[in-house]
Amino acid sequence: MQRIKISEILRSEPVNTTVLVKGWVKAFRNNQFIALNDGSTANNLQVVVDFEQIDPATLERIKFGAAIGARGQLIESQGKGQKVEIKASEIIVYGDCNPEEFPLQPKRQTLEFLREKAHLRFRTNTFSAVFRVRHALAFAVHKFFNDRGFYYLHTPIITASDAEGAGEMFSVTTLPLDNPPRTESGEIDFSQDFFRRPTNLTVSGQLEAELGAMALGDVYTFGPTFRAENSNTTRHLAEFWMIEPEVAFNDLHDNMNLAEDMLRYVISYALEHCGDDLRILEERLLEEEKSKPQDQRSEMALTDKLRFVIDNDFVRLTYTEAIDILKNSNPNKKGKFQFPVEGWGTDLQSEHERYLVEKHFKKPVILTNYPADIKAFYMRQDEPKAGVPGQTVSAMDILFPGIGEIVGGSQREERLDKLQTRMREMHISEEELYWYLDTRRFGACPHAGFGLGFERLVLFVTGMTNIRDVIAFPRYPGSAEF
RNA sequence: GCUCCCUUAGCUCAGUUGGUUAGAGCGGCGGACUGUUAAUCCGUAGGUCCAAGGUUCAAGUCCUUGAGGGAGCGCCA
């Protein structure tokens with residue numbers, strides 16, 4: 001007999017047919033009612049024991065966490081709280097779960113504890129909800145781009161380029177670490193390494209995506225990304241997933257529109273398809289915030305916050321305008337900022353970004369046209385503009401409340417001479433990036449793209465607060481368990 | 001990398017100014033229960049107070065160092 005998923009059963013009418021379900025025991029009440037979950041939905045199916053047909057030895061084995069199958073009639077529930085239930089005439093225990101040894105308990109456990117039990121935390125309501133939402137968001141990303149005629153490009157994970165400037169890299173080698181071959185001058189001889197040259201894990205697929213965009217037009221990458229930075233925060237991982245669209249003939253405004261449309265689309269998708277999971281996550285957040293002082297609680301419940309983001313345009317302003325707002329802001333005048341906003345040209349501190357997003361505008365903000373000196377070499381240089389004291393580039397960062405920077409992107413510098421000048425200024429090797437410069441030599445065109453940190457998106461949508469809780473097995477300094 | 005905080009039962013925590021035998025809730029275990037919804041009720045076991053060193057008549061409590069965890073900052077997505 002074919003098993004039916006619980007999500008399907010819960011949608012169906014009580015038809016009095018015999019069905020087979022399989023899943024894990026979430027609760028066993030009154031020695032009679034099993035709450036069964038198979039991961040297909042946040043909701044449990046109530047399995048009612050038929051005492052005439054199920055022997056007591058089997059009932060003894062129905063413990064929290066055990067894997068069981070139940071066969072019986074699908075009937076209208078005689079109790080409140082659910083439409084249908086199964087009157088089980090047969091129960092098979094596939095896997096016992098000894099409650100004296102099983103670390104999870106049918107009670108609230110802290111996220112910190114569960115983080116150390118990451119191999120088991122899928123089995124909690126919170127984490128199964130998080131990972132269903134994560135899936136939905138990933139699927140929605142692909143659907144969004146596919147529906148718009150983008151091609152999914154797989155850029156390399158191992159890269160020889162160390163000139164991307166996006167942070168410290170993990171090296172990839174097969175040379176013996178204890179005794180690597182040396183050249184005559186004593187350097188490590190990478191010509192004897194697997195790739196005959198030094199290689200690293202990628203920090204970005206952008207440069208390669210640009211190559212694809214120069215023929216395919218609209219492309220995006222969605223893959224793992226590695227940063228060997230010693231970052232110890234709730235929003236950084238050493239291994240994370242990044243989405244990087246790159247579009248030929250797009251300018252900065254097209255780029256902003258694309259990013260905003262995409263964020264709005266995937267959040268809508270989650271709201272539409274993950275209602276039960278978001279309800280669980282919203283309740284979790286409410287419960288968690290009860291222990292916080294009033295002024296540190298969210299102003300909106302999770303799903304209200306998501307709807308708010310969908311229903312309102314993001315605020316767009318230039319770096320120069322942001323500096324003006326910050327300079328004249330109350331916290332700056334009263335000396336409340338740890339880093340006072342002094343003048344044009346320095347990068348914004350996270351307290352400044354938080355002020356703009358969480359206090360001043362109270363909605364997502366797109367900051368554009370940053371000073372060239374604090375941005376990457378490949379960003380397109382702007383024409384001088386009245387009221388702007390220095391050289392800027394067509395960059396954009398999207399800032400979300402509670403998350404900070406969720407998207408970073410730009411229109412790319414397509415003019416060969418300007419790109420080369422900038423590379424020289426920033427000491428980036430033209431020889432090594434000859435292939436990148438070739439795109440500017442042969443049929444160059446304006447183009448733009450951005451990087452979206454997928455886990456930061458999942459953080460925002462699930463209302464979780466630590467990025468280590470929205471990826472199954474997080475990698476961060478000092479930690480690569482499982 | 002920097003700053004601050006935490007570590008007491010399986011889990012979440014309380015533990016007064018340094019003072020007798022370290023407590024609670026939940027969970028576990030034993031029992032009751034044929035309409036429960038984190039079921040309920042009765043009973044019961046469970047402790048290297050993170051580790052090492054120090055101060056003291058006396059340390060869960062104070063000091064030093066270390067380990068593990070968390071939050072904030074920087075780097076960024």
Side-chain angles (χ1 to χ4, degrees), chain A residues 26-35 43-52 54 59-60 63-65 75 77-82 85 87 97-117 124-125 164-168 203-206 224-244 259 283 287 291-292 296 337-339 347-354 374-376 397-400 403-409 450-460 465-469 471 476-479:
Chain A
K26 304 297 280 188
F28 189 26
R29 291 183 289 266
N30 208 2
N31 207 20
Q32 188 186 8
F33 302 99
I34 302 164
N43 300 311
N44 301 328
L45 174 69
Q46 174 148 291
V47 175
V48 187
V49 170
D50 183 343
F51 289 95
E52 313 231 316
I54 302 200
L59 293 184
E60 296 271 305
K63 301 286 187 186
F64 175 71
I75 58 171
S77 178
Q78 294 167 47
K80 286 170 190 154
Q82 58 279 315
E85 64 190 22
K87 183 84 173 166
C97 191
N98 182 350
E100 286 183 80
E101 291 170 18
F102 190 41
L104 303 187
Q105 298 173 355
K107 56 166 289 189
R108 187 168 302 282
Q109 288 179 299
T110 60
L111 298 174
E112 290 80 11
F113 173 76
L114 294 169
R115 211 170 287 150
E116 291 173 10
K117 306 271 180 286
T124 63
N125 294 338
E164 291 165 18
E168 293 297 311
V203 292
S204 166
Q206 179 202 316
T225 310
F226 307 88
R227 305 261 168 103
E229 301 286 347
N230 189 13
S231 297
N232 295 288
T233 79
T234 53
R235 53 189 191 284
H236 288 87
L237 290 165
E239 176 183 286
F240 65 100
W241 289 68
M242 187 154 64
I243 297 141
E244 294 176 291
E283 283 165 11
E287 195 63 35
S291 60
K292 285 189 188 172
Q296 283 176 33
F337 283 140
Q338 196 191 333
F339 301 92
D347 212 348
L348 301 179
Q349 302 288 322
S350 58
E351 59 177 344
H352 305 145
E353 295 180 348
R354 293 187 75 124
I374 58 171
K375 287 291 180 183
D397 282 0
I398 303 187
L399 310 176
F400 264 33
I403 309 292
E405 186 178 345
I406 195 167
V407 162
F450 60 84
L452 175 122
F454 184 59
E455 282 77 16
R456 290 188 181 175
L457 172 66
V458 182
L459 258 190
F460 182 75
T465 43
N466 190 317
I467 202 162
R468 297 166 187 176
D469 293 332
I471 187 166
Y476 49 95
S479 184

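Numbered from 1 within each chain, the chains take letters A, B, ... in sequence-line order. It should be emphasised that the depicted structure is a prediction, and the values quoted were computed from it without experimental measurement.
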I'd like to know if the side chain of [X] reaches the main chain of [Y], judged simply by a donor and an acceptor atom lying under 3.5 Å from each other, with no hydrogens or angles considered.
X	Y	result
A:Arg115	A:Asp469	no
A:Arg456	A:Arg235	yes
A:Gln82	A:Lys80	yes
A:Asn30	A:Gln32	no
A:Glu353	A:Gln349	no
A:Glu351	A:Phe339	yes
A:Glu229	A:Glu168	yes
A:Gln46	A:Glu85	no

Distance between the [atom1] atoms of [N] and [M], in whole angstroms?
N	M	atom1	result
B:A22	B:G46	C1'	14 Å
B:U61	B:G28	P	32 Å
B:U16	B:C75	C1'	45 Å
B:C41	B:A58	C1'	44 Å
B:U40	B:G27	P	7 Å
B:C33	B:A71	P	48 Å
B:U8	B:U48	C1'	12 Å
B:U21	B:C4	P	37 Å

Choose from B:A71, B:C73, B:C29 the nucleotide whose nearest atom is closest to any side-chain atom of A:Asn466. B:A71
Looking only at side-chain atoms of A:Thr234, point me to the closest of B:G72, B:A77, B:G69.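 Looking only at heavy atoms from C-beta outward on A:Thr234, the closest nucleotide is B:G72.
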On RNA chain B, compare the nucleotides closest to A:Ala238 and A:Glu287; which residue's is nearer the 5' end? A:Glu287
Please compare A:Tyr476 and A:Phe240 by the position of their nearest nucleotide in RNA chain B and report the one closer to 5'. A:Tyr476
Identify whether any heavy atom of A:Leu457 sits under 4.0 Å from a base atom; if not, whether one sits that close to sugar-phosphate; answer base, sugar-phosphate or nothing. nothing
Under 4.0 Å between a side-chain N/O of [X] and OP1 or OP2 of [N], yes or no?
X	N	result
A:Ser350	B:C73	yes
A:Arg29	B:A39	yes
A:Gln349	B:G74	yes
A:Arg235	B:C73	yes

May I have the distance from [X] (atom [atom1]) to [N] (atom [atom2]), rounded to whole angstrom?
X	N	atom1	atom2	answer
A:Glu100	B:G30	CD	C1'	11 Å
A:Leu45	B:U36	CG	C1'	14 Å
A:Asn43	B:A38	CG	P	13 Å
A:Asp469	B:G70	CG	C1'	12 Å
A:Glu101	B:G46	CD	P	19 Å
A:Glu353	B:C73	CD	C1'	13 Å
A:Ile374	B:G74	CD1	C1'	15 Å
A:Glu455	B:A77	CD	P	14 Å

Filtered N/O pairs between nucleotides 47-51 of chain B and protein, under 3.5 Å:
none

Using a 3.5 Å limit on both distances, find every run of at least three consecutive Watson-Crick or G-U pairs that involves RNA chain B.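 Stem list for RNA chain B: B:1-7 with B:67-73, B:10-13 with B:23-26, B:28-32 with B:40-44, B:50-54 with B:62-66.
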Judged by modelled atom types alone, do A:Thr225 and A:Glu239 share a side-chain donor-acceptor pair under 3.5 Å? no
Can you pull every protein N or O that's under 3.5 Å from an N or O on nucleotides 32-35 of chain B?
unit_1	atom_1	unit_2	atom_2	d
B:C33	O2	A:Asn30	OD1	2.8
B:G35	O6	A:Gln78	OE1	3.0
B:G35	O6	A:Gln78	NE2	2.9
B:G35	N1	A:Glu85	OE2	2.7
B:G35	N2	A:Gln46	NE2	3.3
B:G35	N2	A:Gly79	N	3.1
B:G35	N2	A:Glu85	OE1	2.6
B:G35	N2	A:Glu85	OE2	3.2

Charged N to carboxylate O under 4.0 angstrom, A:Asp397 versus A:Lys375? yes
Every protein N/O within reach of nucleotides 11-13 of chain B N/O, cut-off under 3.5 Å:
unit_1	atom_1	unit_2	atom_2	d
B:C11	O2	A:Lys107	NZ	2.4
B:U12	OP1	A:Thr110	OG1	2.9

Residues at least two apart in sequence or cross-chain that pass side chain to side chain contact (heavy atoms under 4.5 Å, CB included) with A:Phe64, listed by chain then number, are A:Phe102, A:Leu104, A:Pro106
If I compare all heavy atoms of A:Glu455 with all of A:Ile471, which pair ends up nearest, and what's the gap?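 Residues A:Glu455 and A:Ile471, closest heavy atoms: OE2-CD1, 3.5 Å.
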Of all heavy-atom pairs between A:Gln109 and A:Leu114, which one has the smallest distance, and what is that distance?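 Answer, listing the atom of A:Gln109 first, then A:Leu114: O-CD1, 3.9 Å.
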Quick check on the 6.0 Å ring-centre criterion: do A:Tyr476 and A:His236 meet it? no
CG on A:Leu452 to CZ on A:Phe454, rounded to 0.5 Å: 8.5 Å
Listed partners of A:Asn466 passing side chain to side chain donor-acceptor pair (under 3.5 Å), at least two apart: none
